[in-house]
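Per chain, numbering begins at 1; letters A, B, ... match sequence-line order.
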Amino acid sequence: EAQVTQNPRYLITVTGKKLTVTCSQNMNHEYMSWYRQDPGLGLRQIYYSMNVEVTDKGDVPEGYKVSRKEKRNFPLILESPSPNQTSLYFCASSSGWPTATEAFFGQGTRLTVV
Amino acid sequence: AQKITQTQPGMFVQEKEAVTLDCTYDTSDQSYGLFWYKQPSSGEMIFLIYQGSYDEQNATEGRYSLNFQKARKSANLVISASQLGDSAMYFCAMRELSYSGAGSYQLTFGKGTKLSVIP
């Protein structure tokens, strides 16, 4: 079954404690990205990756890091989380140009930073 | 200007009836794709249907169909025979596919429509 798997689904942490949200896809997609969803602001892209070792900033990258060492994995790292990073996070993967007809999301990670 | 506009914050539909959720988009690209997602209260984003700008036929997936009117830049989602499980937020999204070498393939989302199915 084609899927994007995020872990954990729920996370409560304290300010400043480094954390990693993992993302893995089994569809051999080149393109992966991270979004955050906030009330009234919708979904905003944090970082994206066109392929292994190729990453770039999205619209709201401050406070986040990513890496893409393998095609299937794209972890999101918060080195020093702050309360304004409390949000619902989604990892997405999709086929690349020129088709890009699929775009699947993980189950979401609800992060609370206190 | 917003790239994706969903003008209906909330909609109600009777069970077993059809419902249309509106989406208009704004792009100067000739090559783009349009997506619809369902987000139930549990939070996950479920991919429903895709329409490419060059597709001549309207996309269909089971009870979902996309009414694509390119000249009007609209991509409305039609759900036939609504079920109670269709109650959710629905998001329209667009990906502009002009390849620029560093293109982000970013999905731009609308604000969503909350659909409530009444028994």
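Applying a 4.5 Å heavy-atom cutoff, the residues of residues 33-40 of chain A that approach chain B are A:Y35, A:Q37, A:G40.
With no hydrogens or angles considered, a side-chain donor-acceptor pair links B:R95 and A:S94 at under 3.5 Å. Side-chain polar atoms of A:N84 and A:S82 form a donor-acceptor pair below 3.5 angstrom. In the model, B:Q83 has no side-chain atom that pairs as donor or acceptor with a side-chain atom of B:D86 under 3.5 Å. Counting only N and O atoms by type, the side chains of A:T109 and A:Q6 include a donor and acceptor under 3.5 Å apart.
Residue A:R44: no heavy atom, backbone or side chain, is found under 4.5 Å from chain B. Contacts of B:T108 with chain A are absent, with no heavy-atom separation under 4.5 Å from either backbone or side chain.
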Check residues 7-21 of chain A and write down every donor-acceptor pair under 3.5 Å in which the side-chain atom is one partner and the other belongs to a residue at least two apart or another chain.
from: A:R9; atom 1: NE; to: A:G108; atom 2: O; distance (Å): 3.3
from: A:T15; atom 1: OG1; to: A:V114; atom 2: O; distance (Å): 2.8

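The side-chain contact (heavy atoms from CB on, under 4.5 Å) search around B:Q8 returns B:M11, B:L21, B:D22, B:T113, not counting sequence neighbours.
Ranked by non-hydrogen atom pairs under 4.5 Å with chain B, the options A:V54, A:L43, A:L41 are led by A:L43. Heavy-atom pairs under 4.5 Å with chain A were tallied for B:G112, B:G52, B:G43, B:G33; the largest tally goes to B:G43.
Listed by first and then second residue, the ring-ring contact (aromatic ring centres under 6.0 Å, His included) pairs that reach into residues 51-72 of chain A are A:Y64-A:Y89, sequence neighbours excluded.
Side chain of B:S82 to backbone of B:A18: no donor-acceptor contact under 3.5 angstrom is found.
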